[in-house]
Amino acid sequence: MRKPIIAANWKMHKTLAEAISFVDQVKNSIPSPEKVDSVVCAPFLFLERLSNLTKDTNLKIGAQNMHFEQKGAFTGEISPIQLRDIGVDYVIIGHSERREMFAETDETVNKKVHAAFAHGLTPIVCVGETLEQREAGSTNAVVGAQVEKGLAGLSNELAKQVVIAYEPIWAIGTGKSSDATDADEVCGYIREVIGKLFDNEVAESVRIQYGGSVKPDNIGEFMARPNIDGALVGGASLEPDSFLQLLEAVKQNG
Ligand SMILES: O=C(CO)COP(=O)(O)O
């Protein structure tokens with residue numbers, strides 16, 4: 001059995017005071033990590049505070065990006081060592097917004113995945129197709145190539161620990177989520193690709209989240225599918241009540 005994982009992706013939202021208030025409101029109501037892994041991926045500026053506030057709680061903190069180098073002349077960038085040093089556990093890599101607006105490529109995703117593992121961070125690797133690609137029938141080809149290139153060169157042991165987030169780009173922030181059956185099929189295909197790249201055991205171990213307009217009232221449909229192990233949630237993760245409802249729905253499903 002794969003343990004579900006729910007991650008909030010706050011993107012570029014909240015002030016420090018709002019971030020602290022959110023965490024204070026939810027931190028003692030997070031379900032046991034035996035049932036579900038619960039993560040908040042916050043803007044870099046808030047990570048240290050949130051990581052201190054959540055020590056000894058069931059809530060883990062993640063970043064939304066990082067550089068692949070350990071240190072150096074990379075003005076404005078943040079390294080995996082710096083993230084780990086302040087108690088960050090997860091890092092989102094290759095979100096479609098970074099691929100589209102900040103020149104993230106499958107090659108930089110791959111470097112970042114290796115760098116994350118080298119420094120004790122769990123990568124949440126995002127993949128997904130555009131509406132045009134979906135309509136052209138190339139979803140599996142696009143997503144399969146992103147997975148193959150993104151995970152290239154990992155050992156089986158590390159590959160098992162990767163979290164994949166399948167986020168169809170047309171479903172992000174649009175209120176128009178994918179049909180759960182369609183999303184499950186793509187997640188099943190991702191598992192097939194991982195089976196070929198590594199082996200069956202890895203394919204069965206990797207956790208695959210769905211992302212794109214997930215809300216408390218539709219998360220149950222996704223979690224009921226065999227290949228979907230959690231969700232990466234934007235808008236519906238910004239309010240404490242809504243975030244806790246997502247976790248509660250998953251806990252009950254499991
Ligand atoms: O991009 C997303 C999470 O990474 C999804 O965002 P929404 O949940 O707001 O659609």
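In listed order, ligands and their atoms are each counted from 1. Numbering starts at 1 and runs along the sequence shown.
Regarding atom 6 (O) of ligand 1, its nearest protein heavy-atom neighbour is Lys11 NZ, 3.4 Å. Nearest to atom 8 (O) of ligand 1 among the protein's heavy atoms is Gly234 N, 2.9 Å. Nearest protein neighbour of atom 9 (O) of ligand 1, counting heavy atoms only, is Gly235 N, 2.8 Å.
Of the N or O atoms in Ile172, none lie within a sub-3.5 Å distance of an N or O in ligand 1. At a 3.5 angstrom cut-off on N or O pairs, Thr174 does not count as close to ligand 1.
Looking at Ala171 against ligand 1, only its backbone comes within 4.0 Å, counting heavy atoms. If you look at Asn9 next to ligand 1, the close heavy atoms, those under 4.0 Å, all belong to the side chain.
Heavy-atom distances between Gly211 and ligand 1 stay at or above 4.0 Å for every pair. Not a single heavy atom of Ala236 sits less than 4.0 Å from an atom of ligand 1.
Residue Tyr166 is tested with Gln209, Glu129, Gln146 for a side chain to side chain donor-acceptor pair (under 3.5 Å); the sole match is Glu129. Residue Gln64 is tested with Asn9, Leu47, Val91 for a side-chain contact (heavy atoms from CB on, under 4.5 Å); the sole match is Asn9.
In plain terms, the two heavy atoms of Phe243 and Ser237 that are nearest each other are CB-O, 4.1 Å.
Judged by the 6.0 Å and 45° rule, Arg49 forms no cation-pi pair with Phe46.
Applying the 4.0 Å criterion to heavy atoms of Gly173 picks out, from ligand 1, the atoms 7 (P), 9 (O), 10 (O). For ligand 1, the atoms closer than 4.0 angstrom to any heavy atom of Glu167 are 1 (O), 2 (C), 3 (C), 4 (O), 5 (C).
In this structure, the side chains of Glu204 and Arg191 come closer than 4.5 Å at one or more pairs of heavy atoms.
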Item checked: Residue pair Trp10, Cys41: steps toward the side-chain contact (heavy atoms from CB on, under 4.5 Å) verdict -> CA-CA 6 Å; Trp10 282 356; Cys41 299; over 6 Å; no
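Under 3.5 Å, the side chains of Lys112 and Asn65 contain a donor-acceptor pair of N or O atoms.
Within the 3.5 Å criterion, the main-chain N or O of Leu158 finds a donor-acceptor partner in the side chain of Ser155.
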